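To start, the structure itself, in structure tokens.
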Amino acid sequence: MKIPNLLVFRPADGNETSGAYKIAIEKAKQNAPSLFAFSRQNVPNLAGTSIEGVAKGGYTVVDSEGTPEIILIGTGSELSLAVTAAEKLTAEGKKVRVVSLPSWELFEAQDAAYKESVLPKAVTKRVSVEAAASFGWHKYVGMEGGCVSIDTFGASAPGNVCLEKFGFSVDNVLAKAKQLLG
């Protein structure tokens, strides 16, 4: 479900928060509201995130030499899981791209050539990582992709306990990626 004229941001770190804030201020002048979804956990500032990238809604944070074998798509605090999983897969000789997707609305507003440059159709092995429902992610991961997500509710515990229970760990992202890679 989408609320008309609302920009939703799920920034991964301080860089992306700054970028989202800048856009929200600009959009507020046009009477367009913005929503920020933050994590309650501490998050690291990641190499490769950018204020400018947020303006496009999605962008490449980590890239491989040549065509990637798999794309890991993260948002919010889970982007760091995708980056760490990519480092491990790269160390095993895999070609991995990591994409940050902090705003679906802004990404969808980009032209087809830009979206193809970030999520090339030829790369069908994709994993999304977000501590939210998988609803909507199949648009980005496709039929051959997978989601690390939460499609249930009702758990209450400290954040790190819930995240581990629901599979938000580097090991689980790696397992999902390796399952797709075969």
Side-chain angles (χ1 to χ4, degrees), residues 1-3 6-13 16-17 20 34-44 46 48-49 53-54 56-62 68-90 94 96-108 110 115 118-121 123-182:
M1 183 158 103
K2 184 175 162 123
I3 298 173
L6 176 69
L7 280 179
V8 177
F9 294 97
R10 189 140 191 277
D13 63 7
E16 288 194 356
T17 299
S34 297
L35 181 145
F36 289 72
F38 292 113
S39 171
R40 62 182 173 160
Q41 288 76 27
N42 291 329
V43 294
L46 301 168
T49 59
V54 175
K56 296 198 178 257
Y59 62 101
T60 301
V61 175
V62 174
E69 296 171 70
I70 190 166
I71 299 174
L72 305 179
I73 310 166
T75 185
S77 56
E78 293 75 51
L79 181 62
S80 65
L81 297 176
V83 168
T84 303
E87 290 168 357
K88 292 183 181 232
L89 288 167
T90 300
K94 303 296 183 194
V96 185
R97 174 178 290 179
V98 178
V99 169
S100 179
L101 204 60
S103 176
W104 290 10
E105 295 83 9
L106 290 176
F107 188 69
E108 288 305 317
Q110 303 308 308
K115 289 189 274 190
V118 175
L119 295 172
K121 290 180 179 95
V123 183
T124 58
K125 292 172 178 31
R126 302 174 181 185
V127 176
S128 67
V129 187
E130 183 182 33
S134 63
F135 182 77
W137 274 109
H138 291 286
K139 178 176 190 171
Y140 301 110
V141 299
M143 298 301 289
E144 293 182 44
C147 300
V148 176
S149 58
I150 302 171
D151 289 313
T152 64
F153 46 128
S156 179
N160 60 335
V161 174
C162 281
L163 289 172
E164 187 66 34
K165 176 186 175 358
F166 287 113
F168 290 95
S169 66
V170 172
D171 288 341
N172 194 41
V173 175
L174 279 170
K176 182 70 82 171
K178 288 178 179 182
Q179 177 187 13
L180 294 178
L181 289 166

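Quick caveat: nothing in here was measured; it's all calculated off a predicted structure.
- With sequence neighbours left out, K178 forms a salt bridge (Lys or Arg N to Asp or Glu O under 4.0 Å) with E92.
- A search for side-chain contact (heavy atoms from CB on, under 4.5 Å) contacts involving K94 returns E69, L89, V96, L181, not counting sequence neighbours.
- Every salt bridge (Lys or Arg N to Asp or Glu O under 4.0 Å) that E108 has, sequence neighbours left out, goes to K115, K139.
- S134 and S149 get closest at one heavy-atom pair: CB-OG, 3.2 Å.
- Summarising the geometry of A82 relative to V98, their closest heavy-atom pair is O-CG2, 3.8 Å, with the distance given to 0.1 Å.
- E130 contributes no side-chain N or O that, together with a main-chain N or O of E78, makes up a donor-acceptor pair within less than 3.5 Å.
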If you apply the rule side-chain contact (heavy atoms from CB on, under 4.5 Å), what do you find for F107 with L119, and how did you get there? CA-CA 11 Å; F107 188 69; L119 295 172; 4.0 Å; yes
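- Remark: D151 CG is packed, more than 12 non-hydrogen atoms of other residues, nucleotides or ligands lying under 6.0 Å away.
- For A20, the side-chain contact (heavy atoms from CB on, under 4.5 Å) criterion is met by F9, F36, V54, not counting sequence neighbours.
- Considering all non-hydrogen atoms of both residues, A86 and L72 come closest at N-CD1, 3.8 Å.
- With rounding to the nearest 0.5 angstrom, the CZ atom of F168 is 11.0 Å from the CD atom of Q41.
- If you take OG1 on T84 and CG on L174, they are separated by 9.0 Å, rounding to the nearest 0.5 Å.
- The two residues F38 and P11 have their closest heavy-atom pair at CE2-CG, 3.5 Å.
- Using a 4.5 Å cut-off on side-chain heavy atoms (C-beta onward), V170 and K88 make contact.
- Residues W104 and F135 come closest through the heavy atom pair CH2-O, 3.8 Å.
- Of all heavy-atom pairs spanning L7 and S103, the tightest one is CD2-OG, 4.2 Å.
- Between E144 and L180, every side-chain heavy-atom pair lies at or beyond the 4.5 Å cut-off.
- At least one donor-acceptor pair under 3.5 Å links the side chain of T75 to the backbone N or O of L101.
- Residues Q110 and Y59 have side chains that never bring a donor and an acceptor to within less than 3.5 angstrom of each other.
- Shown here are the side-chain contact (heavy atoms from CB on, under 4.5 Å) partners of Q179, two or more places apart in sequence or in another chain: K176.
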Carefully, step by step, assess T49 and L79 under the rule side-chain contact (heavy atoms from CB on, under 4.5 Å). CA-CA 10 Å; T49 59; L79 181 62; 3.9 Å; yes
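- When the side-chain contact (heavy atoms from CB on, under 4.5 Å) test is applied to S77, the partners found at least two apart in sequence or on another chain are R10, S39, V43.
- Under a 3.5 Å cut-off, the side chain of R126 and the backbone N or O of I73 do not form any donor-acceptor pair.
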